[in-house]
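First comes the structure, then the notes that go with it.
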Amino acid sequence: MPLGFAQPGFPWFWEVADTVIAVLILLNLAVIVAVHGRRIREYARGRRERRFRARLEEILAELDPRTSTHGPDWLRRQVAGFNELERPLAAVALIERLRPASEEQRQRILELLREVGAVDLLVRSTRRWLPWRRALAVRTLGWVGAAETVPLLIDRATSDRNRLVRESAVRALGRIRDARALPLLGDLFRAPGPVGSGVVYDALVSFGPAAESTFAGALRSDAESVRVAACYGLVAVAEPDTVKNELEPLLDNPMPAVRAAAAESLGQAGGTALPPALARATRDEFPAVRKAATVALGSYDDPYAVELASNALLDSDRDTAIRAAEALVRLSRRPAAATQAAQVLAETDAWPVERALIFDSLGAL
């Protein structure tokens, strides 16, 4: 016997059917309205964005005296008129405008930003509740180069609860390169943790010779990673003679990683006379140290370096043997070592030499 609800004689069947049809129609209408509403919102948002972009380009043009048409008063009103959504976009656009600018252009822009109150606005933004807003504000201050904000940036680098903000502040201090930041950066470099060690390293290197004493002092740190980083930092900012005086003693350090970093850094410094400690390092018991010292041989125009590189061709460590041949190729281009190195390359048929000569013919060495 057929089920009761399938029989059309029951009036409730048609009522249910009408209700289902009405619901489906309403759902379809809701989908249509939602789709068109979204398109309208996107169109309106696009129009607002285009208007803001045009306005922003007009504002940024005021930063260049060659394209300025309104003057500081007009610019002050525009900066003050940015809403909460527009300020981050304006900050990012300002950074992009500052990236290719010369030092003279940046100084001129900074003076104008001070005059129209933009620097004060950025300072207030460093205290906002959202971490990304604070990070963007301190990042922009770094690109602007406002030296008067260095104490504020130092405070953000040490006391802000968010790591992104602290690291942005350290990067900003590295861009401004004010000597007041060096003690803090030195402390952060010697005791990594609150800020990434690579971030602090880059900030210190940007100071150039002013950071020499910081890196030299860190060579005596108890932390192996700090001593290793200090080797590379010192060679990046100091004169070659200073590098040799500071790093040669580290080639007798008990930690292989420190010895390897010192050898590699001495290779970056280069010179004429091969440091005796570097010569000894080519016979170190650890392959990583031998490899670094052997690479460094190619940076010293010394016939003794040729002899050591030739011996290293027979090293049991494959990478060291390869680097020895490459060092010989580089030594063959140096005045004092060229003749002896060329002779070794011509008379040796060891596979590392053949490999190095092929790479050299391709311009890879």
Side-chain angles (χ1 to χ4, degrees), residues 88 91-92 94-96 98-99 106 110 119 122-238 246-247 250 255 257-258 260-262 264-265 268:
V92 172
L94 177 60
I95 291 173
E96 293 304 316
L98 288 167
R99 283 183 188 276
R106 289 184 183 182
L110 172 58
V119 173
L122 287 168
V123 168
R124 291 197 297 272
S125 294
T126 63
R127 300 184 178 92
R128 289 184 173 275
W129 181 74
L130 292 174
W132 72 267
R133 295 292 293 266
R134 300 198 301 274
L136 179 58
V138 298
R139 180 186 175 208
T140 308
L141 285 172
W143 277 101
V144 168
E148 67 270 25
T149 65
V150 166
L152 168 67
L153 294 173
I154 290 175
D155 177 69
R156 292 293 90 192
T158 55
S159 64
D160 198 280
R161 61 185 179 275
N162 186 272
R163 186 182 182 93
L164 173 63
V165 180
R166 296 195 299 270
E167 294 188 346
S168 296
V170 167
R171 290 190 178 96
L173 291 170
R175 293 193 182 282
I176 297 175
R177 298 190 294 276
D178 190 292
R180 289 173 291 177
L182 279 173
L184 167 66
L185 295 178
D187 291 343
L188 291 173
F189 183 73
R190 290 185 292 270
V195 177
S197 56
V199 175
V200 182
Y201 174 89
D202 290 340
L204 280 170
V205 168
S206 69
F207 278 80
E212 178 183 310
S213 60
T214 301
F215 285 123
L219 292 173
R220 293 174 284 278
S221 170
D222 293 333
E224 177 184 348
S225 62
V226 173
R227 295 200 300 275
V228 168
C231 291
Y232 298 115
L234 188 66
V235 74
V237 302
E246 294 286 350
L247 296 190
L250 289 182
M255 304 305 297
V258 176
E264 185 176 348
S265 299
Q268 294 178 26

Taking every non-hydrogen atom, the tightest pair across [X] and [Y]:
X	Y	result
A157	V195	O-CG2, 4.3 Å
L185	V200	O-CG1, 3.4 Å
V138	A172	O-CB, 3.3 Å
S125	A137	CB-CB, 3.6 Å
V92	L136	CG2-CD1, 4.1 Å
A179	F207	N-CE2, 4.3 Å

To the nearest 0.5 Å, what is the distance between [atom1] on [X] and [atom2] on [Y]?
X	Y	atom1	atom2	result
R139	L122	CZ	CG	12.5 Å
Q268	L234	CD	CG	11.0 Å
D155	D160	CG	CG	8.5 Å
L152	T126	CG	OG1	4.0 Å
T214	Y201	OG1	OH	13.0 Å
W143	R99	CH2	CZ	4.5 Å

Minimum side-chain heavy-atom gap [X]-[Y] below 4.5 Å:
X	Y	answer
T140	L98	no
R133	P88	yes
C231	L250	yes
L110	V119	yes
L184	L173	yes
L164	S168	yes
R166	T158	no
R180	L153	no

Inset, instruction - Carefully, step by step, assess F215 and V235 under the rule side-chain contact (heavy atoms from CB on, under 4.5 Å). - result: CA-CA 9 Å; F215 285 123; V235 74; over 6 Å; no

Inset, instruction - Show your reasoning for whether side-chain contact (heavy atoms from CB on, under 4.5 Å) applies to I176 and V144. - result: CA-CA 8 Å; I176 297 175; V144 168; over 6 Å; no

Inset, instruction - Taking S206 for its side chain and A203 for its backbone only, find out whether a donor-acceptor pair lies under 3.5 Å. - result: yes

Legend entry - Side-chain (R134) to main-chain (R128) donor-acceptor, under 3.5 angstrom: yes

Inset, instruction - Test R156 against T149 for side-chain contact (heavy atoms from CB on, under 4.5 Å), laying out the working first. - result: CA-CA 11 Å; R156 292 293 90 192; T149 65; over 6 Å; no

Inset, instruction - Run the salt-bridge test on E224 and R227 with the 4.0 Å N-O cut-off and return the result as yes or no. - result: no

